[in-house]
Amino acid sequence: MNKLFVIVGASGVGKTTLMNALLRHYECAIAYEQHNERPFQALFKQDARYALANQVDYLLMRAEQERDLRSGDKPALMDGGLDLDFYGFTRLFHTRGWLSAAEFDLCRRLHALTRQLLPPPDLIITLSADANTIRERLASRNRINIASGEDAELLESYVADWLKTVPESHILRLDVSKENREYSTSIPIILDKIRGIRG
C-alpha cells in the first residue's frame with residue numbers, strides 16, 4: 001500500500017500552491033480538492049440547504065481519492081483531504097448553522113466508518129499563516145470560496161483539535177506566512193520528512 005501525504009490548513013493558506021510547487025521536486029500521484037467540478041458546491045454557495053449534500057459529496061469523493069491513491073504505484077499527495085473536510089469544514093458548517101445536529105452526526109458516522117476502512121495519512125503537513133496573508137490569498141483566487149477569511153481562525157482551531165488526536169511523528173507544522181510561491185524554504189523540510197517516512 002502506498003504512502004499518503006496530505007497538506008491541510010485553512011482556506012487560502014496555500015495548500016494547492018504548495019502541492020504544485022512540490023510536484024516540481026518530487027514524483028508522486030496527486031489528488032486535488034476539485035472545487036469547480038463538484039456538483040453541489042455552487043448550489044450550496046447560493047442556498048445553504050445544499051450544505052449536507054455538499055459535505056457528503058466531498059467526504060465520499062475524498063475517500064474515493066484516498067482508496068485510488070493507496071492502490072496506485074507511486075507515493076501519493078493530496079491537498080486537503082478526508083479528515084480536513086470532516087474535522088474542519090463539516091464542523092464549521094455545523095457551527096455556522098448550515099448543518100443541523102442530526103446532519104452533522106450523519107457526516108460524523110460516514111467519516112468514522114470510512115476511516116475504519118482506510119488507514120489515516122502517513123504524514124499530515126499542516127500550514128498556517130497570519131490572517132492578513134490568508135485574506136489576501138482568498139481575495140486573489142479565481143474559484144468558489146465557501147469559507148471566508150473570518151472563518152480561518154475557527155478552521156485553524158478545529159484542525160488543532162483534530163491534530164491533538166494524531167501522533168506528533170505524523171505531523172509536520174509549517175508557518176508559510178512569508179513563503180514565496182515556490183515555497184523554497186518549506187520544500188526541503190517537507191522532502192526530508194517524506195524521505196524519512198519512506199525509508
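In what follows, residues are counted from 1 in the order of the sequence shown.
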Problem set entry | Residue of the set L22, T17, T16, L18 for which side-chain contact (heavy atoms from CB on, under 4.5 Å) holds with N20 |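 Among L22, T17, T16, L18, the one that satisfies the side-chain contact (heavy atoms from CB on, under 4.5 Å) with N20 is T16.
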
For this session: Could you identify which residues cluster with L113, counting Ile, Leu, Val, Met, Phe, Trp and Tyr as linked when any side-chain heavy atoms lie under 4.5 Å apart, either directly or through a chain of such contacts?
Result: L117

With sequence neighbours left out, write down each residue that passes side-chain contact (heavy atoms from CB on, under 4.5 Å) with [X], or none if nothing qualifies.
X   : result
Y87 : D83, H111, W162
N2  : none
D73 : none

So which atom in [X] and which in [Y] form the shortest heavy-atom distance, rounded to 0.1 Å?
X    : Y    : answer
T90  : C107 : CG2-CB, 3.7 Å
V176 : S186 : CG1-OG, 4.0 Å
F5   : K3   : CZ-CB, 3.7 Å

Strictly below 4.0 Å, N to O, side chains only: are [X] and [Y] in salt-bridge contact?
X    : Y    : result
R62  : D79  : yes
D105 : R108 : yes
K193 : D122 : no

Problem set entry | Near-ring test F86/F104, centroid separation under 6.0 angstrom |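 When the ring centroids of F104 and F86 are compared, they turn out to be within the sub-6.0 Å range.
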
Exercise. Does E156 have any side-chain hydrogen bond (donor to acceptor under 3.5 Å, both in side chains) partners at least two apart in sequence or in another chain, and if so, which?
Worked result: none

Look up atom [atom1] in [X] and atom [atom2] in [Y], then write down how far apart they are to the nearest 0.5 Å.
X   : Y   : atom1 : atom2 : answer
L77 : L4  : CG    : CG    : 8.0 Å
L43 : D47 : CG    : CG    : 8.0 Å
I30 : Q65 : CD1   : CD    : 10.0 Å

Exercise. Should V159 and V166 be regarded as members of a common hydrophobic cluster, given that ILVMFWY residues are connected when their side-chain heavy atoms come within less than 4.5 Å of each other, either directly or indirectly?
Worked result: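 Yes, same cluster.
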
Exercise. With sequence neighbours left out, what residues match Y158 under ring pair (Phe, Tyr, Trp, His ring centres under 6.0 Å)?
Worked result: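 Result, ring pair (Phe, Tyr, Trp, His ring centres under 6.0 Å) vs Y158: none returned.
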
